[in-house]
Amino acid sequence: MAATRNVVVIGSGPAGLTAALYSARANLKPLVIEGLEAGGQLMLTTMVENYPGYRDGIMGPDLMSEMRDQAQRFGAEFVHGNVEKVELCGAYPFSVKTSEADHAAKTIIVATGASARLLGLPSERTLMGHGVSTCATCDGYFFRGQEIAVVGGGDSAMEEAIFLTRFATKVTLVHRRDTLRASKIMQDKARANPKIVWMLDSEVEEIRDTGKGEVTAMVVRHNKTQARADLPVAGVFVAIGHTPNTSLFRGQVELDQNGYIRTHDGAKTSIAGVFACGDVQDHIYRQAITAAGSGCMAAIDAEHFLDNIPEHLATV
Ligand code: NAP
């Protein structure tokens with residue numbers, strides 16, 4: 001096994017890269033294990049217009065590349081690949097295993113994010129960032145004066161649909177059942193909004209037009225009558241929930257009832273020396289800027305921990 005690391009960051013979205021930048025600048029020589037989806041959810045976006053400091057916007061992948069280079073400039077090291085196992089309980093230092101190597105770490109910063117659930121249609125994948133979005137806050141502004149659709153029946157779908165009526169002329173809410181999962185108050189707000197049109201018992205079969213590389217319509221099937229309808233829209237917001245990427249940590253770090261890592265007093269988790277930041281511990285804000293901010297907090301918390309490692313943990 002290689003020398004024990006001060007900090008191993010797992011994940012390379014805005015949270016992980018900001019944690020890497022701050023811990024590199026604190027001279028902690030962090031190792032970042034990038035994960036299979038290196039760069040995180042912003043790699044699936046096109047223009048990002050709400051990241052402060054980029055007056056004219058920046059493409060999501062370019063923003064991530066800038067952040068990675070910035071962290072690297074101060075000495076963060078990057079390895080490709082995925083973490084297969086972590087051992088956080090019992091022995092110290094912690095152990096992080098990838099298919100290539102075993103790493104020992106005095107602190108771990110978990111920044112594995114959450115993945116937006118998708119419908120699973122090939123056209124949805126192809127048009128992601130080109131009219132298909134999983135983030136109304138990020139992309140709603142691009143649909144000023146247009147007709148769009150939101151898919152889902154939970155609180156997120158209601159919230160996104162209501163938010164999107166600020167920009168769109170009409171928002172069709174497409175949900176697979178005739179009852180909504182959303183809380184009564186959110187349902188009532190959405191139902192009271194005259195710009196929201198309901199398409200219940202309806203499933204999306206296809207998003208057009210992959211040939212043109214932009215969204216022009218959705219094919220929706222009514223699952224009771226089996227009737228198919230073409231719904232002309234310029235954008236589709238998929239709001240069917242998120243899955244936090246916490247399977248590695250289950251049974252070791254305390255999670256909340258939805259599977260997100262519980263943090264307290266900044267970025268601390270239930271295990272001293274393990275910190276979490278970004279969407280893996282935040283199901284409310286989910287923004288690049290909030291993830292980056294929490295990555296900074298995790299790095300500072302890790303630095304403080306390393307300054308004063310508790311006595312009961314045998315140091316190496
Ligand atoms: P959610 O409550 O799990 O709802 C997901 C919705 O997507 C459900 O209506 C579900 O349909 C639908 N869905 C799931 N998979 C689908 C698929 N493959 N095809 C079509 N539809 C599918 O997720 P969420 O709305 O993101 O909310 C997550 C948590 O955050 C909840 O606890 C929620 O209350 C909370 N939240 C709160 C607020 C707020 O209070 N302001 C805002 C956002 C989120 P079915 O209903 O048929 O299963």
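Order of listing sets the numbers, starting from 1, for every ligand and every atom in it. None of these values were measured; they are calculated from a predicted model. Excluded from the calculations below are hydrogen atoms, water molecules and symmetry mates; all remaining heavy atoms, backbone and side chain alike, are included.
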In the protein, which heavy atom is nearest to atom 5 (C) of ligand 1, and how far is it? I240 O, 3.6 Å
Report yes or no: is the cationic atom of R144 (NZ for Lys, CZ for Arg) under 6.0 Å from the centre of the six-membered ring of Y141, at an angle within 45° of the ring normal? yes
Could you tell me whether R73 and D69 make a salt bridge, using a distance below 4.0 angstrom between a side-chain N and a carboxylate O? no
So, regarding L118 and ligand 1 (criterion: nitrogen or oxygen to nitrogen or oxygen, under 3.5 Å), is there a contact or not? no
Would you say E214 and H130 are linked by a side-chain donor-acceptor pair, where the criterion is simply a distance under 3.5 Å? no
Evaluate the ring planes of Y260 and H283, with Trp represented by its six-membered ring, and classify them as parallel (under 30°), tilted (30 to 60°) or perpendicular (over 60°). tilted
Which residue and atom name correspond to the protein heavy atom nearest atom 41 (N) of ligand 1, and how close is it? E159 OE2, 3.0 Å
Which label fits Y51 and Y54: parallel for a plane angle under 30°, tilted from 30 to 60°, or perpendicular past 60°? tilted
Quick check: are there more than 12 heavy atoms from other residues, nucleotides or ligands sitting under 6.0 Å from NZ of K189? no
For atom 23 (O) of ligand 1, find the nearest protein heavy atom and state the residue, atom name and distance (0.1 Å precision). G241 CA, 3.7 Å
Return yes or no for this condition: an N or O of N258 is under 3.5 Å from an N or O of ligand 1. no
Under 3.5 Å between some N or O of ligand 1 and some N or O of R286? no
For atom 16 (C) of ligand 1, which of the options H283, R117, R176, R177 provides the nearest non-hydrogen atom? R176
Closest non-hydrogen protein atom to atom 2 (O) of ligand 1, residue and atom name please, with distance? R181 CD, 3.5 Å
Would you mind telling me if ligand 1 is within reach of the side chain of V151, the backbone, both or neither, using heavy atoms under 4.0 Å? neither
Is atom 8 (C) of ligand 1 touching the protein, meaning some protein heavy atom lies under 4.0 Å away? yes
Neighbour count above 12 (heavy atom, 6.0 Å) for E37 CD: no
Report yes or no: does H175 have a heavy atom closer than 4.0 Å to ligand 1? yes
Per-atom filter on ligand 1: closer than 4.0 angstrom to a heavy atom of L119 are 19 (N), 20 (C)
With a 4.0 Å cut-off, would you call R221 and E203 a salt bridge? yes
Could you check atom 28 (C) of ligand 1 against the protein and tell me its nearest heavy-atom contact, residue, atom and distance included? S156 OG, 4.6 Å
Using modelled atom types only, decide if a donor and an acceptor are shared between the side chain of K106 and the backbone of L306 within a distance under 3.5 Å. no
Residue and atom name of the nearest protein heavy atom (relative to atom 31 (C) of ligand 1), distance in Å to one decimal: D155 OD2, 4.8 Å
